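Structure record follows, encoded as structure tokens.
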Amino acid sequence: KKAQSTLMSFFGKK
Amino acid sequence: MLEGKFEEASLLKKIVEAMKDCVSSCNFNCTENGISVQAVDNSRVLLISLLIEKDTFEEYRCDRNITLGIGLGSFSKIIGNGANSDYLTIQAEDDADTLGIIFEDKVKDKISEYNLKLLDIDADLLEVDAMETDATITLPSADFAKICKDMKTLSESLQITVTKDSAKFQSAGEIGSGSVVIKPKTDIDHPEESITISLDKPIDLSFGSKYLSDIIKATSLSQKVTIKLTEDSPGVFEYKLPSGYLRFYLAPKFDE
């Protein structure tokens, strides 16, 4: 079973 | 003041159709160089990055930077009123609370004008530009759309593995499993059918099928899609516009 990551764990805010 | 005239309404229609099921509203940032959008879906898994460069337009002027908050469902309804082949002009004053949308029929002497109410949208921008890429695949966008649709019938995840000379798309679920392998190919007579794979490091990534279904709504924008993959990082799916692009950044799935 795989879990979905979110973009927030990869990209910082501008 | 902003004024941008598209040679054909169909281009903006396709762009909005490709975005509206993923994000309901977003800011269109207009500068003298063109129009850009960055928007994230509610689940914060899929990001859309749109650039419509000035050269895309038949005529373009933007005297001062303007941010237009647009509800994409409403925008889509209004643009749907024009014919695909109409000229489409978008127009906004510097402090406007509406966006003017004007269609000109190229044959009949007919002009249709609409106003869309603008929204105040407070959204954070993410720093996505400095991404590295381990593998790049370019393939016909229709082929990619079919792979995503076919694999979605099997599972809610699509696994993409890339090696030096092939890319494999596979899914496994309750009813069974399936895979599609593509290899690089140069088609001189039909360059749009060519497939390229370039690789620095082998890739093994999984993505949510439902997000891929949103991404492939952009298929009609370009005959090709470029997929940029990096291990343990979001995938980038790029559809080129005549001058600019529509890109999707999709966060991967991980083993629990």
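Nothing here was measured: the structure is a model prediction, and the numbers come from that model. Naming: A, B, ... by sequence-line order, numbering from 1 per chain.
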Over 12 non-hydrogen atoms of neighbours within 6.0 angstrom of [atom1] in [X]:
X	atom1	value
B:Asp63	CG	yes
B:Lys217	NZ	yes
A:Lys2	NZ	yes
B:Glu231	CD	yes
B:Lys152	NZ	no
B:Glu32	CD	no

- Quick one: does A:Leu7's side chain get under 4.5 Å of B:Val45's, heavy atoms only?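 No - every pair of side-chain heavy atoms lies 4.5 Å or more apart.
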
- Do B:Tyr249 and A:Phe11 have side chains that get closer than 4.5 Å, going by heavy atoms?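 Touching, per the 4.5 Å side-chain cut-off.
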
- Item | Closest non-hydrogen atom pair between A:Phe10 and B:Ser233, with its separation |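 Scanning both residues completely, I find the closest heavy atoms to be CE2-CA, 3.9 Å.
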
- Task: Could you walk me through whether A:Gln4 and B:Phe254 pass side-chain contact (heavy atoms from CB on, under 4.5 Å), step by step?
- Result: CA-CA 6 Å; A:Gln4 177 66 59; B:Phe254 284 114; over 6 Å; no

- Task: Report the option among B:Leu46, B:Asp124, B:Leu250 that has the most heavy-atom pairs separated by less than 4.5 Å from atoms of chain A.
- Result: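 Of B:Leu46, B:Asp124, B:Leu250, B:Asp124 has the most heavy-atom pairs under 4.5 Å with chain A.
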
- Measure B:Tyr211 against the heavy atoms of chain A and call it side chain, backbone, both or neither at under 4.5 Å.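 For B:Tyr211, side-chain heavy atoms alone lie under 4.5 Å from chain A.
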
- Heavy-atom proximity to chain A below 4.5 Å, by part of B:Asp232: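 Contact with chain A: backbone only.
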
- Query: So, A:Ser5 side chain and B:Lys253 main chain: donor-acceptor pair closer than 3.5 Å or not?
  - Reply: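 No, A:Ser5 side chain to B:Lys253 backbone: no donor-acceptor pair under 3.5 Å.
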
